[in-house]
Amino acid sequence: ADDRLRHASFRGLREDKPVREIVRETPKPATVAKPQRRSVRLTHPDRLYWPDDGVTKEGLADYYVEIWRHIAPFIVGRPLALLRCPNGVGGETFFQKRAWKGLDGNIVLAKDPKEPSEEPLIGIRDLDGLMGLVQSAVLEIHPWGSTLADWERPDRIVMDLDPGEDTPWTAVIAAAQETRRRLEEAGLSAFVKTSGGKGLHVVSPLTPTTEWPAVKAFTKTIAEAMAADSPDRFVSTVAKAKRRGRVLIDYLRNQRGATAIAAYSTRARPGAAVSMPLAWDELSAGVGPAYFTIRNAPRRLASLESDPWAGFHAAAAPLEAPKPRRKTAA
DNA sequence: GTGTGAA
DNA sequence: TTCACACAACGCGAG
DNA sequence: CTCGCG
Ligand SMILES: [Mn+2]
Ligand SMILES: [Mn+2]
């Protein structure tokens with residue numbers, strides 16, 4: 001069913017070239033009952049949150065109900081930073097990390113043990129919580145890398161790969177592969193997703209055994225090594241001036257309190273893209289960072305033989321103290 | 001999107 | 001009752 | 001210290 005209008009004026013549209021298995025024709029028989037949207041009522045369900053794309057508030061809720069089982073492990077039980085856009089993309093937007101007056105009852109308060117006198121942070125427990133976020137006009141969900149069960153020991157690393165101006169997409173793919181190599185060399189597994197914006201994220205699941213400062217130091221070492229080994233391809237500092245033609249290896253997502261866009265979260269930009277987990281062999285010129293959207297993501301997930309990130313949580317490994325490179329005799 | 005307080 | 005208005009992050013690294 | 005950054 002081809003629904004809702006697409007503005008003909010929206011240029012830069014991907015001409016849905018079928019990319020191998022990325023989005024399959026025949027959906028798998030859908031048998032599992034979808035979780036129903038329950039107690040949370042949406043005000044203004046027909047309000048356009050992505051006006052250029054014809055996506056409404058209710059469309060956003062439908063998307064999250066549909067992909068709930070995929071997104072849940074990445075957003076439940078963690079402090080969340082939120083990007084809210086009550087008037088949709090194009091209207092005023094603001095980040096919010098602390099509880100507010102009148103927040104939905106399904107959104108939980110989480111007092112940061114490191115700042116007992118501050119307002120609590122925000123979390124969710126279940127689909128109703130996510131629906132509460134939708135009702136609050138949350139268009140982007142940015143979780144911490146650690147959980148409410150263990151604030152100080154992250155259970156994932158994110159290497160955020162951002163192309164500079166004039167950096168070809170193939171260079172971002174190469175950066176992801178190089179990042180993967182180095183993470184695996186350290187005994188970790190590495191998974192890749194589009195960011196829904198301009199780049200890629202390489203994500204490693206961790207067993208939460210190492211505290212933030214050591215985790216950050218580890219990721220900084222990787223970023224700086226990459227920049228040192230290929231100064232023409234990579235930079236590890238955020239200053240934009242030096243990025244042209246290169247890829248920023250942004251390791252600073254890996255600090256206490258820092259966040260990165262969640263897998264499957266929508267982005268508050270024209271196009272209604274989402275951050276989409278991929279298999280490594282799906283990386284290609286034809287699948288850009290914003291290829292997957294609210295519209296085509298559910299189709300992809302319903303038709304995939306196997307979720308490329310199915311093994312994500314089982315693949316968690318401890319971050320070992322960096323081994324001495326090789327022991328030199330004597 | 002929501003609570004507040006003035007009109 | 002209506003409506004204008006305020007409010008909703010913040011820490012880090014570079015220079 | 002201010003500024004840019006995400
Ligand atoms: Mn970044
Ligand atoms: Mn990025």
Side-chain angles (χ1 to χ4, degrees), chain A residues 40-49 56-58 60-61 78-107 109-112 114-115 117-123 129-146 151-152 154 157-165 195-201 203 212-213 215-217 219-221 223-224 227 235-244 246-262 265 267-269 275 289:
Chain A
V40 180
R41 167 149 27 156
L42 299 182
T43 60
H44 308 294
D46 295 330
R47 177 162 295 167
L48 282 167
Y49 275 176
T56 63
K57 186 178 192 177
E58 183 158 57
L60 175 61
R78 301 168 182 276
L80 303 176
L82 309 171
L83 185 64
R84 298 179 59 195
C85 315
N87 293 304
V89 171
E92 188 188 355
T93 73
F94 55 91
F95 267 96
Q96 188 150 17
K97 58 184 280 193
R98 301 191 184 278
W100 63 91
K101 237 179 312 183
L103 56 55
D104 185 276
N106 298 290
I107 298 172
L109 310 183
K111 186 73 101 180
D112 183 345
K114 280 269 176 71
E115 37 179 48
S117 58
E118 296 282 356
E119 285 296 301
L121 305 184
I122 293 159
L130 180 52
M131 291 301 105
L133 297 184
V134 171
Q135 169 54 22
S136 306
V138 170
L139 300 198
E140 298 193 0
I141 304 170
H142 298 247
W144 283 36
S146 60
W151 292 65
E152 308 310 326
I157 280 168
V158 179
M159 296 300 255
D160 171 29
L161 309 180
D162 294 331
E165 280 187 67
S195 72
K198 294 182 171 162
L200 290 170
H201 289 176
V203 189
W212 280 115
V215 169
K216 175 184 175 183
T219 59
K220 179 178 186 180
T221 298
E224 289 183 340
V235 295
S236 61
T237 57
V238 177
K240 248 174 180 166
K242 313 208 74 170
R243 292 194 210 171
R244 178 173 296 270
R246 302 184 175 83
V247 178
L248 167 64
I249 317 299
D250 181 2
Y251 66 92
L252 288 170
R253 309 303 88 224
N254 303 292
Q255 304 185 75
R256 192 184 198 280
T259 62
I261 192 75
S265 172
R267 302 309 303 265
R269 307 170 177 211
S275 176

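These values consider heavy atoms only, across backbone and side chains, with no hydrogens, waters or symmetry-generated copies. In the text below, chain A, chain B and the rest are named by the order of the sequence lines, each starting its count at 1.
Closest to the side chain of A:Gln135, out of B:dT2, D:dG6, C:dA8, is B:dT2. The nucleotide whose nearest atom lies closest to any side-chain atom of A:Arg98 is, among C:dA8, C:dC10, C:dG13, C:dC10. The side chain of A:Gln96 approaches C:dA9 more closely than any other nucleotide in the set B:dT2, C:dA9, C:dG13. You'll find that the side chain of A:Lys97 is closest to C:dA9, out of B:dT2, C:dA9, C:dG13. Which of C:dA8, D:dG6, B:dG3 sits closest to the side chain of A:Lys101 comes down to B:dG3. The side chain of A:Arg243 sits closest to D:dG6 out of C:dC12, C:dA9, D:dG6.
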Practice problem: Please step through side-chain contact (heavy atoms from CB on, under 4.5 Å) for the pair A:Thr43 and A:Lys57, ending with a clear verdict. | Solution: CA-CA 9 Å; A:Thr43 60; A:Lys57 186 178 192 177; 3.1 Å; yes

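Using a 4.0 Å heavy-atom criterion, one finds that A:Gly257 contacts no nucleic acid atom at all. Among the atoms of the strands shown, only primed sugar atoms or phosphate atoms (P, OP1, OP2) are found under 4.0 Å from some heavy atom of A:Ala137. Across all strands, A:Lys57 comes closer than 4.0 Å only to sugar-phosphate atoms, never to a base (heavy-atom distances). A:Lys198 comes within 4.0 angstrom of nothing in the nucleic acid, heavy atoms only.
Counting distance only, with no hydrogens placed and no angle test, the side-chain atoms of A:Glu119 and the base atoms of C:dA9 include no donor-acceptor pair under 3.5 Å.
Residues A:Pro143 and A:Ile261 share a closest heavy-atom pair of CD-C, 4.3 Å.
In this structure, A:Leu133 places its CG atom 19 Å from P of C:dA8, rounding to the nearest Å. Atom CH2 in A:Trp144 sits about 12 Å away from atom P in C:dC10, given to the nearest Å. Per the geometry, NE2 belonging to A:His142 stands 15 Å off P belonging to C:dC10, to the nearest Å. For the pair A:Leu83 CG and C:dC10 P, the interatomic distance rounds to 15 Å; values are reported in whole Å. Remark: C1' of C:dG11 and NZ of A:Lys216 are 9 Å apart, rounded to the nearest angstrom. Whole-Å rounding puts the A:Glu140 CD to C:dA8 C1' distance at 15 Å. Taking atom CH2 on A:Trp100 and atom P on B:dT4, their separation rounds to 16 Å, with Å as the unit. Atom CG of A:Asp160 and atom P of D:dC5 are 14 Å apart (whole Å).
For D:dG6, the paired base is C:dC10 (Watson-Crick or G-U wobble, both distances below 3.5 Å).
Within the 4.0 Å cut-off from OP1 or OP2 of C:dA9, not a single side-chain nitrogen or oxygen of A:Arg84 is found. Phosphate contact (OP1/OP2 of D:dC5, side-chain N/O of A:Arg253, threshold under 4.0 Å): absent. For D:dG6, neither phosphate oxygen OP1 nor OP2 lies less than 4.0 angstrom from any side-chain nitrogen or oxygen of A:Gln255. The side chain of A:Lys220 places no N or O atom within less than 4.0 Å of a non-bridging phosphate oxygen (OP1 or OP2) of C:dG13.
With rounding to the nearest 0.5 Å, the separation of CZ in A:Phe95 from CD in A:Glu140 is 6.0 Å.
Among A:Asp104, A:Leu80, A:Asn106, the one residue that satisfies the side chain to side chain contact (heavy atoms under 4.5 Å, CB included) test with A:Leu133 is A:Leu80.
Atom CD of A:Glu165 is surrounded by 12 or fewer heavy atoms from other residues, nucleotides or ligands within 6.0 Å.
For the pair A:Glu118 and A:Lys97, the salt-bridge criterion is not met [side-chain N within less than 4.0 Å of a carboxylate O].
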